[in-house]
Number of protein chains: 2
Amino acid sequence: MNFQQLRAAREAVRQGFNLTLAAEALHTSQPGVSRQIKELEDELGIELFQRSGRRLLGLTPPGAALMPIVERLLQEADNLKTAGADFAEADQGTLTVAATHSQARYALPGAVRDFRGSHPGVALHLQQGSPPQVAEAVLAGRADLGIATEALADYPELVTLPCYRWTHVVVVPRGHALADEAAAGRPLTLARLAALPLITYEPGYTGRRQIDEAFAREGLKAEVVLQAMDADVIKTYVELGIGVGVIATMAFDEARDTTLAAIDARHLFPTQTTRVAVKRGAFLRGYVLDFIETFAPTLTRELVGRALAAPDDGGDFEI
Amino acid sequence: MNFQQLRAAREAVRQGFNLTLAAEALHTSQPGVSRQIKELEDELGIELFQRSGRRLLGLTPPGAALMPIVERLLQEADNLKTAGADFAEADQGTLTVAATHSQARYALPGAVRDFRGSHPGVALHLQQGSPPQVAEAVLAGRADLGIATEALADYPELVTLPCYRWTHVVVVPRGHALADEAAAGRPLTLARLAALPLITYEPGYTGRRQIDEAFAREGLKAEVVLQAMDADVIKTYVELGIGVGVIATMAFDEARDTTLAAIDARHLFPTQTTRVAVKRGAFLRGYVLDFIETFAPTLTRELVGRALAAPDDGGDFEI
DNA sequence: TATCCTTACGGAATTCGTAAGCATG
DNA sequence: CATGCTTACGAATTCCGTAAGGATA
């Protein structure tokens with residue numbers, strides 16, 4: 001039994017039981033992968049993969065029972081290398097952060113700037129994607145940590161920790177009726193918003209679900225005329241007068257967005273919690289913990305360490 | 001990185017940092033072990049072992065941090081092989097039970113007989129030892145499970161489950177004054193016992209500590225004239241009239257021990273709990289679970305499975 | 001017939017044990 | 001000077017990619 005065999009089996013599963021793809025992913029030849037898997041099956045004395053003729057279809061029941069062990073094994077092997085590197089060259093390496101656009105654009109820049117200053121030897125990689133993509137990048141080991149507001153809690157193989165809380169604001173062109181009403185002290189209501197064409201995030205992004213739910217709870221149906229993945233796009237169309245924007249508070253910059261007016265909407269939509277996720281059972285290098293603490297000062301090394309050691313989630317604490 | 005290197009490092013630690021012994025334990029050459037360790041250190045980029053000249057003294061701080069990962073890695077590798085065998089040949093294999101004399105002699109025979117009947121393909125090995133030896137056999141993977149009344153709870157790397165509870169009896173030759181007093185309805189007291197020469201277990205065996213503590217709590221000092229590791233020896237000397245025996249209830253057999261009389265002592269000494277221990281994180285073959293259930297019917301497969309999955313101990317339940 | 005897995009083969013790299021060397025208590 | 005680790009070397013094994021073969025949708 002060796003690691004190549006285990007990697008071949010894992011990759012075969014990941015690539016949907018296509019050994020040709022698995023071989024490409026592993027930068028090796030296809031017959032090699034085929035052989036590794038066969039050797040592993042021979043040594044274990046069982047067929048891991050269900051075959052129809054020469055084609056792989058899926059896992060056999062024993063295969064389904066053994067693959068989680070293979071995953072843990074390879075995870076620990078990875079931990080060993082990572083831990084070694086953490087001692088060998090504590091101040092250099094690579095940090096890959098998977099994050100949604102909102103996070104990458106508005107929440108992360110400060111932390112990235114500070115981290116680059118304090119850890120000049122660490123090469124930073126920022127991977128952008130939808131919340132599920134963020135989660136899967138962390139799960140597959142392509143990212144050291146993921147940052148998003150949605151979806152992360154749905155993956156039991158991830159340990160998630162709350163970073164910060166935020167709310168939505170409504171943005172309109174300067175001089176828009178809503179801005180005047182707000183200036184006159186008339187509080188914004190959902191009913192008032194529902195009467196206007198809205199521009200906001202796509203479903204699955206940056207609290208969109210909670211926006212929809214807020215309207216639904218009051219029996220209102222909002223007319224979303226345009227939806228986008230990021231606030232920059234939304235703001236652009238708001239400037240054009242296409243509609244009223246609903247974006248995350250952090251996405252509005254008083255100094256920069258001079259053509260727009262923001263109206264507090266924290267009483268209309270629920271507070272969101274942005275979370276950082278790491279793979280359960282993964283060894284985190286010292287500078288990864290540093291980055292997390294830079295990004296969310298409440299998440300100290302000790303606290304993250306305890307959450308990782310805990311089996312379920314360390315009891316999702318308040319922030 | 002390969003498994004040989006990891007095994008070499010683990011064995012070097014187990015053998016007290018003596019590579020010659022490690023090589024013997026691994027059935028290989030000493031230069032081989034030396035090389036494996038060096039290669040592992042090279043690949044990880046750190047020195048795992050503290051050296052004085054050419055001699056190994058212990059682990060470096062990085063080594064101490066990485067060795068637990070190595071242990072888990074090798075444990076999972078073992079799990080994989082075991083799980084494979086469990087599917088490949090579910091009904092045959094080897095079951096090694098480490099137990100104390102008391103368990104092997106009095107508690108296990110029934111379970112062993114039943115298990116042999118239901119699992120004729122499984123070769124049974126019974127390893128006898130002191131409670132710490134039982135614990136260490138399980139920890140080192142030399143035994144699949146351990147059964148003892150003492151010590152097992154002291155090892156955090158073991159998962160222990162309560163099997164059954166028992167108490168002590170006092171044994172005397174037939175016609176002894178104590179037997180007459182008991183027959184006359186006069187309850188036995190610790191003070192009465194303390195006035196007689198006692199024969200019981202050695203410290204560290206079969207509830208001896210609780211016997212001593214019971215006397216100490218009443219400010220009494222028992223005179224133990226002879227102590228042994230097992231009840232057979234104790235009973236032999238009681239027959240000779242050397243003293244009064246205190247043994248586990250299960251060690252007295254009315255039908256066999258015709259020359260002796262047993263006097264209930266459950267009101268004098270605390271109830272003992274015998275436990276079964278398995279290595280935390282180890283995969284248990286189906287027949288191992290069967291054996292546990294045969295031995296202690298309360299410990300069903302589901303219950304043991306849950307206890308193994310739980311991180312701490314699954315909350316030591318009542319039996 | 002295109003895709004995808006298996007088998008066959010040969011060169012290259014790795015592995016491992018023996019023998020010799022060297023430091024330390 | 002005995003114990004214990006390292007270095008050196010050569011044989012044997014293992015490993016892996018290329019090329020050809022065969023089954024299936």
Side-chain angles (χ1 to χ4, degrees), chain A residues 1-60 62-63 66-67 70 73-74 77 80-81, chain B residues 1-60 62-64 66-67 70 73-74 77 81:
Chain A
M1 189 166 72
N2 61 48
F3 288 105
Q4 302 261 49
Q5 295 164 0
L6 303 176
R7 271 190 285 267
R10 178 179 65 176
E11 203 58 40
V13 175
R14 286 192 176 170
Q15 299 294 338
F17 308 100
N18 181 322
L19 299 195
T20 307
L21 292 181
E24 282 169 26
L26 295 171
H27 308 293
T28 182
S29 69
Q30 183 274 316
V33 173
S34 182
R35 188 168 37 215
Q36 304 290 5
I37 289 178
K38 184 156 310 195
E39 282 174 12
L40 181 59
E41 290 183 322
D42 282 352
E43 182 167 347
L44 294 176
I46 49 168
E47 303 243 301
L48 295 171
F49 293 91
Q50 213 165 28
R51 290 166 170 86
S52 148
R54 328 195 109 186
R55 222 152 283 217
L56 304 202
L57 296 176
L59 289 170
T60 58
L66 296 208
M67 284 314 295
V70 172
L73 197 41
L74 291 172
L80 197 59
K81 282 188 218 136
Chain B
M1 189 166 70
N2 60 48
F3 287 105
Q4 303 262 48
Q5 294 164 359
L6 302 176
R7 270 191 285 267
R10 177 179 66 177
E11 202 59 41
V13 174
R14 286 192 177 170
Q15 299 294 338
F17 308 100
N18 181 323
L19 299 195
T20 307
L21 291 181
E24 281 170 25
L26 295 171
H27 308 294
T28 184
S29 69
Q30 183 273 316
V33 172
S34 182
R35 187 167 40 215
Q36 304 290 6
I37 289 178
K38 183 154 309 194
E39 283 174 13
L40 181 60
E41 290 183 323
D42 282 352
E43 182 167 347
L44 294 176
I46 50 169
E47 302 243 303
L48 296 171
F49 293 92
Q50 214 165 28
R51 291 166 168 83
S52 150
R54 325 195 113 189
R55 222 153 283 217
L56 304 201
L57 295 176
L59 289 170
T60 59
L66 297 208
M67 285 313 295
V70 172
L73 197 39
L74 292 172
K81 283 188 218 137

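Residue numbers start from 1 in every chain, and the chains themselves are labelled A, B, ... in the order their sequence lines are given, proteins ahead of strands.
Taking atom CZ of residue B:F3 and atom P of nucleotide C:dT15, one finds them 14 Å apart after rounding to whole Å. We find that CD of A:E41 is positioned 13 Å from P of C:dC5, with the value rounded to whole Å. Rounded to a whole Å, the CG atom of A:L57 is 12 Å from the C1' atom of C:dC5. One atom, CD1 of B:I37, and another, C1' of D:dT7, lie 16 Å apart when rounded to the nearest Å. The interatomic distance linking A:E11 (CD) with C:dC4 (P) rounds to 16 Å, in whole Å. In this structure, the CG atom of A:L56 is 15 Å from the C1' atom of D:dA25, given to the nearest Å. A:Q50 places its CD atom 15 Å from the P atom of C:dC5, with the value rounded to the nearest Å. Summarising the geometry, the separation between CE on A:M1 and P on D:dT14 is reported as 17 Å, rounded to the nearest angstrom.
A parallel orientation is assigned to the rings of A:F3 and B:F3, their planes being inclined by less than 30° (bins at 30° and 60°).
Heavy atoms of A:S29 sit under 4.0 angstrom from at least one base atom. At a threshold of 4.0 angstrom between heavy atoms, the contacts of A:F17 are confined to the sugar-phosphate backbone, with no base atom among them. If you check every strand for non-hydrogen atoms under 4.0 Å, B:Q30 touches a base. If you check every strand for non-hydrogen atoms under 4.0 Å, B:Q36 touches sugar and phosphate atoms only. Residue-level contact check: A:G53 touches the backbone only, with heavy atoms under 4.0 Å from sugar-phosphate atoms and none from bases.
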For A:E39 and A:Q5, what are the C-alpha separation, side-chain angles and deciding distance, and is it a side chain to side chain donor-acceptor pair (under 3.5 Å)?
CA-CA 7 Å; A:E39 282 174 12; A:Q5 295 164 0; 3.0 Å; yes
Take B:T20 and B:E24 through the test side-chain contact (heavy atoms from CB on, under 4.5 Å) and record every step on the way to the result.
CA-CA 6 Å; B:T20 307; B:E24 281 170 25; 4.1 Å; yes
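One can find a donor-acceptor pair under 3.5 Å joining the base of C:dT3 and the side-chain atoms of A:R55. A donor and an acceptor atom never sit less than 3.5 Å apart when one is taken from the side chain of B:R51 and the other from the base of D:dG4.
Comparing C:dT18, C:dT6, C:dC9 by their closest approach to the side chain of A:R35 singles out C:dC9. When distances are taken from the side chain of A:R54 to each of D:dC5, C:dT15, D:dG22, the shortest belongs to D:dG22. Checking D:dC16, D:dC5, C:dT18 against every side-chain atom of B:L19, the shortest atom distance belongs to D:dC5. The side chain of A:Q4 lies closest to D:dC16, out of D:dC16, D:dC15, D:dT7.
Contact check for B:L56 versus B:Q50: no side-chain heavy atoms found under the 4.5 Å cut-off.
Using a 4.0 Å cut-off, some side-chain N or O of B:T20 falls inside it from OP1 or OP2 of D:dC5. Of the side-chain N and O atoms in A:S52, one or more sit less than 4.0 angstrom from OP1 or OP2 of D:dA25. Using a 4.0 Å cut-off, no side-chain N or O of A:N18 falls inside it from OP1 or OP2 of C:dT3. Here A:K38 does not reach the OP1 or OP2 of C:dC5: none of its side-chain N or O atoms lies under 4.0 Å away.
Residues B:I37 and B:A12 come closest through the heavy atom pair CD1-CB, 3.8 Å.
A salt bridge links B:R51 to B:E41: one of the charged nitrogens lies within less than 4.0 Å of a carboxylate oxygen.
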